[in-house]
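Below is one structure, written out as structure tokens; comments come after it.
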Amino acid sequence: MLAAHGVGLVINGRDPDAVAQAVAAICSDGYRAVAYPGSAADEAVARGLVDACVAEYDRIDMLINCAGIAEPSGSSILNITTADFAELLDAHLGTVFQTCRAAAPNMVQQGGGSIINTSSLAFLGDYGGSGCPAGKGAVNALTMAIAAELKEQGVRANVVCPGAKTRLSSGRAYERHIVYLHRRGMLDDASMQGSLDVAPAEYVAPTYGYLASDLARHVTGQIFVAAGGFVGRFDRAAPALLGYRDHRDSPPWTIGEIHGMVAAKEGTTG
């Protein structure tokens, strides 16, 4: 979709054959794309991506991160290994950190750019696992920090939480996992059905295209959701007041007082 709008692309992925196929498909339609395979969590690859873009197109106007791997089957905080957790963080968060760090100086120097990072509704914890929720939650926080830091330099940073039919959201193992989460009460009926009947990626692409375009030149530091016919945006997290006292003339809250405030807010007693 971006290529059809005249964007020159540098395509990255860990599988060289998959990258080559994507580039060939884009170029066969008469559009511009070059391949740069490798793990974007590797600092050298991330910098090479940016250098390749500047060498091919003279500048880098947008960076779109869309990377991740599946949690190990049955993954839980009760059984995930340190190595598996580190690999998940590297795939979900490391790719974003390295590519943003590589691209941001160029964007600042040229006076603007758009960074679009991919998170997931999994950051809410509803889909189980540990590495993916932790990594995607960190992607959200890192993107908000980048947006705040680079706003004055004209560089925008936003997040999309997509829902689309991919290799990670297909197959019997995936379907069993979704049904299992529903049975445990972690997913409601609507979320389960939506997770099992996912629209193609073409329904998500326009949200990325919008955020990459000049139409969104004033949009930064936002977290969007795009899944099938649904497009939404998360409100910025803000604390709800439970109670306040001035520390200059009041003692600290007691444990019992804090419990009373929380219980009152939740409508519970005891």
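Throughout, residue positions are numbered sequentially from 1 according to the sequence presented.
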Non-neighbouring partners of [X] that pass side chain to side chain contact (heavy atoms under 4.5 Å, CB included), sequence neighbours left out:
X      : answer
Pro200 : Glu202, Tyr203
Thr81  : Ala83, Asp84
Ala46  : Gln98, Thr99, Ala102
Ala67  : Thr95

Sequence neighbours excluded, every pair satisfying ring-ring contact (aromatic ring centres under 6.0 Å, His included) that has a member inside residues 5-38: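 The answer is none; no pair qualifies.
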Residues forming a salt bridge (charged side-chain N to carboxylate O under 4.0 Å, His left out) with Asp61, sequence neighbours excluded: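 Once residues adjacent in sequence are excluded, the partners of Asp61 under the salt bridge (charged side-chain N to carboxylate O under 4.0 Å, His left out) criterion are Arg59.
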Taking only residues two or more places apart in sequence or in another chain, which ones pass salt bridge (charged side-chain N to carboxylate O under 4.0 Å, His left out) with Asp246?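 For Asp246, the residues satisfying salt bridge (charged side-chain N to carboxylate O under 4.0 Å, His left out) (neighbours in sequence not counted) are Arg248.
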Nearest heavy-atom pair of [X] and [Y]: which atoms, and what distance?
X      : Y      : answer
Ala25  : Ser28  : O-OG, 2.7 Å
Ala3   : Ile26  : CB-CG2, 3.8 Å
Leu2   : Ala212 : CD2-CB, 4.5 Å
Leu88  : Gly131 : CD1-CA, 3.7 Å
Val204 : Gly163 : CG2-O, 3.5 Å
Ala33  : Ile11  : CB-CG1, 4.4 Å

Quick check on the hydrophobic clustering: are [X] and [Y] connected, directly or via other members, by side-chain heavy-atom contacts under 4.5 Å?
X      : Y      : result
Val23  : Val7   : yes
Ile69  : Ile77  : no
Met62  : Tyr57  : no
Val159 : Leu121 : yes
Leu63  : Val96  : yes

Please walk me through it: do Ile116 and Asn65 pass side-chain contact (heavy atoms from CB on, under 4.5 Å)? CA-CA 6 Å; Ile116 308 166; Asn65 277 300; over 6 Å; no
Kindly indicate, with the supporting measurements, whether the criterion side-chain contact (heavy atoms from CB on, under 4.5 Å) is fulfilled by Ile80 and Ser130. CA-CA 8 Å; Ile80 191 169; Ser130 54; 3.3 Å; yes
May I ask you to test the [X]-[Y] pair for a side-chain heavy-atom distance under 4.5 Å?
X      : Y      : value
Thr118 : Pro162 : yes
Val10  : Cys53  : yes
Ile60  : Leu49  : no
Thr254 : His259 : no
His92  : Cys132 : yes
Cys161 : Ser119 : yes
Ile64  : Val160 : no

Quick one: does any side-chain atom of Ser250 pair with a main-chain N or O of His247 as donor and acceptor, under 3.5 Å?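 Checking the backbone N and O of His247 against the side chain of Ser250, no donor-acceptor pair under 3.5 Å is found.
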Would a distance-only check, ignoring hydrogens and angles, find a side-chain to backbone donor-acceptor pair under 3.5 Å from Arg14 to Ala40?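 No; zero donor-acceptor contacts below 3.5 Å.
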Run the side-chain donor-acceptor check on residues 214-237: report pairs under 3.5 Å with partners two or more places apart or on a different chain.
unit_1: Arg217; atom_1: NH1; unit_2: Asp214; atom_2: O; d: 2.9
unit_1: Thr220; atom_1: OG1; unit_2: Ala157; atom_2: N; d: 3.0
unit_1: Thr220; atom_1: OG1; unit_2: Ala157; atom_2: O; d: 3.4

Start with the C-alpha distance between Leu242 and Val262, add both sets of side-chain angles, then the distance that settles side-chain contact (heavy atoms from CB on, under 4.5 Å), and finish with yes or no. CA-CA 7 Å; Leu242 294 177; Val262 172; 4.0 Å; yes
Quiz: residues 141-155 side-chain donor-acceptor pairs under 3.5 angstrom, not counting sequence neighbours:
unit_1: Thr143; atom_1: OG1; unit_2: Asn117; atom_2: ND2; d: 2.9
unit_1: Thr143; atom_1: OG1; unit_2: Val139; atom_2: O; d: 2.7

Nearest-0.5 Å distance, OG of residue Ser120 to NZ of residue Lys136: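 Going from OG on Ser120 over to NZ on Lys136, the span is 6.5 Å.
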Which pairs, with at least one residue in residues 36-56 and sequence neighbours excluded, count as a salt bridge (Lys or Arg N to Asp or Glu O under 4.0 Å)?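 As it turns out, the salt bridge (Lys or Arg N to Asp or Glu O under 4.0 Å) pairs with a partner in residues 36-56, which skip direct neighbours, are Glu43-Arg47, Glu43-Arg101.
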Running the 4.5 Å side-chain criterion over Ile, Leu, Val, Met, Phe, Trp and Tyr, what cluster does Leu241 land in, apart from itself?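 Taking Ile, Leu, Val, Met, Phe, Trp and Tyr as members, Leu241 shares its hydrophobic cluster with Tyr244.
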For Arg245, side chain to side chain donor-acceptor pair (under 3.5 Å) partners two or more places apart: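 Arg245 satisfies side chain to side chain donor-acceptor pair (under 3.5 Å) with Glu257 only.
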